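For reference, the structure discussed in these notes is given below.
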Amino acid sequence: MSWFSWLFIVWSRSSQSLLLVWLMGRELGIRDGLLCDQMLTCSRWGTPSSQGLFQDGDVIIGGLFPLHYQPPAIDHDFTQLPRYNPCTGLEYVPLQYIYAMVFALEEINHSTMLLPGIKLGYHIFDSCGRPPWALQSALSLVGGDNTSCNSTNPPDYSSGNGEEIKDRRGGQSVPMIIGDASSITSQILSTVLGPLSIPFISYLSTCPCLSDRLQYPNFFRTIPSDIYQARAVAQLVIRFNWTWVGAVVANNNYGYTAVKVFQEEIQGAGVCLAFVETLKRENIISDARRAALTIQASTVRVILIFTWYTDVRELFLQLAKLNVTDRQFLASEAWSTSGDLVQNSITSKVAKGVLGVATRSSAIPGFESYLRHLHPIHHPDDEFLREFWEVEFGCSHRTRHLHLYSSSMLSSPVSTLKSSHKSNILTSNPPVMSDQKASLSHCNGSESLKKVQNLFTDASQLRVTYNVYLAVYAAAHALHGLLCPIKDSPSENNISTCSSPKQIKATELLQHLQEVNFSTPQDETFYFQGADIPAKYDLVNWQKMPDGTLKIALIGHVDGFALHLNESAIQWITGSSRVPISVCSEICPPGTRKVSRKGEPLCCFDCIPCAAGEISNKTGSLDCERCPLELWSNAKRTACIPRQLDFLAFNETLGITLTTAAVTGVTVTTVVFVVFLHYRHTPVVRANNSELSFLLLVSIKLCFLCSLVFIGRPSVWSCQFQQAAFGISFVLCVSCLKVKTIVVLAAFRSARPGAEALIRWFGPGQQRGSVCLLTCIQIIICTIWLSLIPPVPRQDLGFQGSKVTLECAMVSVVGFCLILGYIGLLACTSLILAFFARKLPDNFNEAKLITFSMLIFCAVWVAFVPAYLSSPGKYTVAVEVFAILASSYGLLFCIFAPKCFIILWRPERNTKKYMMAR
């Protein structure tokens with residue numbers, strides 16, 4: 001363990017970590033690359049890192065990769081420094097990342113345009129996927145993995161001459177590091193290396209927090225921030241109208257950040273999260289079981305998962321045990337392209353049709369051939385490749401040519417390292433072989449990767465591997481900008497001359513890395529936006545093949561926040577192209593509106609029909625829209641249609657009833673007229689001026705007939721004629737009654753002494769003249785009214801309903817009031833006169849009949865006013881017609897029924913003697 005590792009142990013237990021690192025650095029002579037103080041000699045505590053892949057060069061680039069996933073147990077007894085032994089459990093995919101870095105560096109070393117004359121080397125360590133191992137390796141890289149430093153041999157970023165390389169292999173410090181995969185590890189490493197300005201380029205750390213340049217000024221990455229993929233998943237949910245979704249996330253910043261960004265993106269889109277289950281790697285079995293039970297019990301059909309693929313594998317295993325195979329999963333980039341999951345038989349049962357966001361894929365020309373030609377014979381000191389060979393082929397290429405280290409590393413200086421093989425690839429002291437490895441047979445040399453198909457040799461979709469490739473090129477271009485500035489020359493334009501690597505300063509390299517802008521061998525423009533690169537993702541779909549296996553199909557891509565998707569290429573969980581439905585409540589159809597359920601999420605609601613006169617012409621309406629006054633809602637409440645014209649028609653029940661009543665009244669009046677005409681010479685007919693009786697019958701008939709004008713579709717002529725006919729007919733009728741009453745009074749008054757002249761002054765001529773005069777007044781009123789502001793047909797939009805009443809609107813009610821008022825005045829005076837004459841002596845006193853008829857007449861028209869004002873639509877017309885008919889029948893029966901009874905059934909009373917008797 002290096003003294004930097006000792007600093008980390010102290011740092012992890014002190015709140016003044018960065019200050020301690022800086023002060024110790026000053027004391028030990030750290031200056032832009034950890035130059036040792038000329039006056040100090042220091043030795044390292046502990047041994048070098050146990051495993052690594054080394055290639056010396058003019059400039060060394062460090063690499064950290066989680067090659068193994070099983071860390072050893074650590075005993076923190078606090079009696080001695082903790083020893084971080086090598087991890088176990090080889091991962092094929094990170095091994096591919098390592099050789100992508102080596103391949104890129106070899107490409108650059110063979111390039112004549114990039115860093116000409118400068119050879120790049122590498123020191124690559126296994127970070128074990130855990131921060132302590134990663135931090136120990138990073139500090140060894142930055143400090144140089146020497147056992148001591150002194151005034152005569154200060155470590156720097158260059159290897160010096162060739163002889164020094166042989167003497168100090170693995171001891172060079174690196175100016176920048178590529179790694180690590182974990183965001184948490186990247187946060188720790190960036191924080192520790194930040195005061196030293198050591199650039200740090202990650203290929204898989206996606207936490208948005210790392211974009212903070214104030215907190216992590218030396219951090220860069222070649223993978224987009226999680227913000228973009230979470231927003232892309234949210235856009236997919238909104239696009240396919242999934243309003244009821246669940247989430248299963250990692251119990252760390254990766255999962256929590258994804259859920260937070262997802263919820264921010266779906267705000268206002270009507271999408272609800274039914275549940276959020278968390279998975280903690282330490283309790284993965286119990287957590288996955290709990291999440292599976294939640295998924296089984298929920299009505300959610302679409303689940304988004306933001307966690308590592310190993311957690312997803314356990315979740316799918318639990319779902320398979322519960323036979324939950326009908327859920328549509330949305331995948332994050334952490335597992336959307338996991339070959340381990342795609343090739344798993346349980347996955348094909350539970351998670352076919354997965355739709356996910358994946359790190360963009362790009363080809364690296366020549367890389368697959370490079371991988372398939374790897375062989376331990378050509379790299380005898382490559383411990384990583386040797387271990388892979390043992391796992392893949394079950395045989396060992398180990399030889400007795402092992403590097404030995406002194407057992408007293410805590411106190412002695414660095415041991416002399418042996419020269420390497422032709423490949424110049426070195427490892428630090430390899431671990432002692434276990435019994436299992438020792439029992440492996442020796443390989444016969446015929447083993448080859450040319451026909452091997454596994455995750456290591458699969459170069460069909462290079463995603464994170466391509467990110468490693470880009471990170472190496474970004475580092476190389478930053479070094480090129482620092483060491484090989486373009487200079488103008490008289491003989492040649494823009495000649496690039498590279499300076500000595502000893503002039504590398506971390507702060508200057510960091511500045512050049514921020515300004516990197518280049519085209520990759522695939523003609524893609526690469527540059528950093530702060531710590532990030534422009535967000536680009538692939539959209540992938542897990543599709544089931546005829547043989548039952550799954551394949552990952554490309555169905556679209558994401559550029560920044562723009563989503564480009566080929567929906568027809570998607571195969572869903574059902575195996576068809578039909579989009580699955582995941583809603584708490586079915587979307588409200590047109591004609592209804594949503595009403596939230598109390599105490600439940602907004603996505604759970606009821607649909608209630610729109611009220612009459614309101615519509616909703618689209619699905620999922622929150623409110624219904626009221627139709628304009630001239631329109632009304634249809635039966636389904638989906639559209640506003642023109643209101644149906646409504647009026648008192650002849651062919652409807654009410655119209656037929658009133659018409660029948662009017663025609664019957666006309667008929668009865670005609671019959672009475674005929675009877676009176678036939679018996680016109682009898683005393684009953686001749687009594688009280690027979691001419692007035694015939695005129696009264698004619699006026700009553702006109703009253704019945706005028707009611708028919710009110711029935712039917714209103715028009716300009718009917719609106720004007722109906723009111724005039726009504727007013728004149730009734731005035732004529734009431735005028736006759738009034739004159740008759742006056743005649744009765746005059747006849748009885750003339751019998752008194754001195755009153756003979758009264759009857760002479762009110763003879764038949766005067767009676768006819770009085771009727772004409774009273775009627776002419778009404779005619780004048782009607783003429784003036786209809787000439788100035790007559791009633792006009794108009795639609796009554798005030799009444800709420802599917803029908804609009806077509807009525808004769810009173811532009812001015814003054815004229816109508818004058819007509820009614822005049823009729824009422826005549827009726828009241830007639831009633832008063834008849835009331836005074838009711839007790840005059842006579843067997844047939846017509847004044848009694850007039851009194852009773854006037855009482856009925858006045859009662860009908862007094863009741864008419866409130867009924868008329870309160871009746872809606874066409875019923876106002878019906879009320880007026882009913883009043884006309886009721887008053888007309890009242891006059892007809894009250895006055896003429898007794899007379900017809902005497903004429904037809906009591907002829908013995910139809911004598912002058914009987915009528916004059918008292």
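Since the model is a prediction, treat every value here as computed from it, not as a measurement.
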Full working for side chain to side chain contact (heavy atoms under 4.5 Å, CB included) between K349 and N323: CA-CA 9 Å; K349 177 183 177 182; N323 197 29; 4.1 Å; yes
Atom CG of residue position L602 - does it have more than 12 heavy atoms of other residues, nucleotides or ligands inside 6.0 Å?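 Atom CG in L602 is not crowded, with 12 or fewer foreign heavy atoms closer than 6.0 Å.
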Flag yes if more than 12 heavy atoms outside E264 fall under 6.0 Å of its CD atom; otherwise flag no.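 Atom CD in E264 is crowded, with more than 12 foreign heavy atoms closer than 6.0 Å.
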[X]-[Y] side chain donor-acceptor pair, cut-off 3.5 Å:
X    : Y    : result
S182 : D180 : no
N467 : T222 : no
D340 : S338 : no
N454 : T457 : yes

Identify the heavy atoms of [X] and [Y] that sit nearest to each other, and give their distance.
X    : Y    : value
P589 : T592 : O-OG1, 2.6 Å
T638 : G591 : CG2-N, 3.9 Å
E333 : L204 : OE1-CD1, 4.4 Å
A234 : I266 : CB-CG2, 3.9 Å
A138 : L64  : CB-CD1, 4.0 Å
R130 : Y69  : NH2-O, 4.1 Å

Would you please test E314 and D311 for side chain to side chain contact (heavy atoms under 4.5 Å, CB included) and show each step? CA-CA 5 Å; E314 183 62 35; D311 302 338; 5.9 Å; no
Test item: [X] and [Y] side chains (from C-beta on) under 4.5 Å apart, heavy atoms:
X    : Y    : answer
L565 : I570 : yes
L330 : I303 : no
F240 : E567 : yes
W242 : V579 : yes
V271 : V245 : yes
S361 : Q461 : yes
R643 : E630 : no
H557 : L539 : no

Distance-only, no hydrogens or angles: does the [X] side chain make a donor-acceptor pair with backbone N or O of [Y] under 3.5 Å?
X    : Y    : answer
D559 : A562 : no
S585 : D606 : no
D547 : T549 : yes
R327 : V300 : yes
T465 : L462 : no
Q70  : G89  : no
Q543 : A569 : yes
T337 : A358 : no
T294 : R290 : yes
N541 : I555 : no

Do C584 and C272 have their SG atoms under 2.5 angstrom apart?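 No, the SG atoms are not under 2.5 Å apart.
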In Å, rounded to the nearest 0.5 Å, how long is the span from [atom1] of [X] to [atom2] of [Y]?
X    : Y    : atom1 : atom2 : answer
C624 : N617 : SG    : CG    : 10.0 Å
S348 : L341 : OG    : CG    : 11.0 Å
E625 : S633 : CD    : OG    : 12.0 Å
Y216 : T191 : OH    : OG1   : 4.5 Å
S183 : I188 : OG    : CD1   : 11.0 Å
Q229 : Y537 : CD    : OH    : 4.5 Å

Given side chain to side chain contact (heavy atoms under 4.5 Å, CB included), test D126 with W133 step by step and report yes or no. CA-CA 8 Å; D126 175 18; W133 278 263; over 6 Å; no
[X]-[Y] aromatic ring centre distance below 6.0 Å:
X    : Y    : answer
Y228 : F561 : yes
W335 : F329 : no
F306 : F262 : no

Classify the angle between the aromatic ring planes of F526 and F528 as parallel (below 30°), tilted (30 to 60°) or perpendicular (above 60°).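 F526 vs F528 ring planes: perpendicular.
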Tell me whether the rings of Y97 and F65 are parallel (<30°), tilted (30 to 60°) or perpendicular (>60°).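 If you compare the ring of Y97 with that of F65, the planes turn out tilted.
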Quick one: do V237 and E265 satisfy side chain to side chain contact (heavy atoms under 4.5 Å, CB included)? Show the steps, please. CA-CA 10 Å; V237 169; E265 190 70 12; over 6 Å; no
Do we get R213 above F220's six-membered ring, with its NZ or CZ under 6.0 Å from the centre and within 45° of the axis?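 Flagged: R213 positioned over aromatic ring of F220.
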Please identify which of these residues, S211, S186, S202, S205, meets the side chain to side chain donor-acceptor pair (under 3.5 Å) condition with R221.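 Of all the options given, the one that passes is S211.
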Out of the candidates T307, L315, L279, T310, only one should pair with I284 under the side-chain contact (heavy atoms from CB on, under 4.5 Å) rule; please name it.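 Only match with I284 under side-chain contact (heavy atoms from CB on, under 4.5 Å): L279.
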Regarding R637 and E614, does a basic nitrogen lie under 4.0 Å from an acidic carboxylate oxygen?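 Answer for the salt bridge query: no.
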SB check R463 D538 (cutoff 4.0 Å):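 Salt bridge: yes.
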Could you please spell out the steps behind the side-chain hydrogen bond (donor to acceptor under 3.5 Å, both in side chains) verdict for S190 and N218? CA-CA 7 Å; S190 183; N218 60 325; 2.8 Å; yes
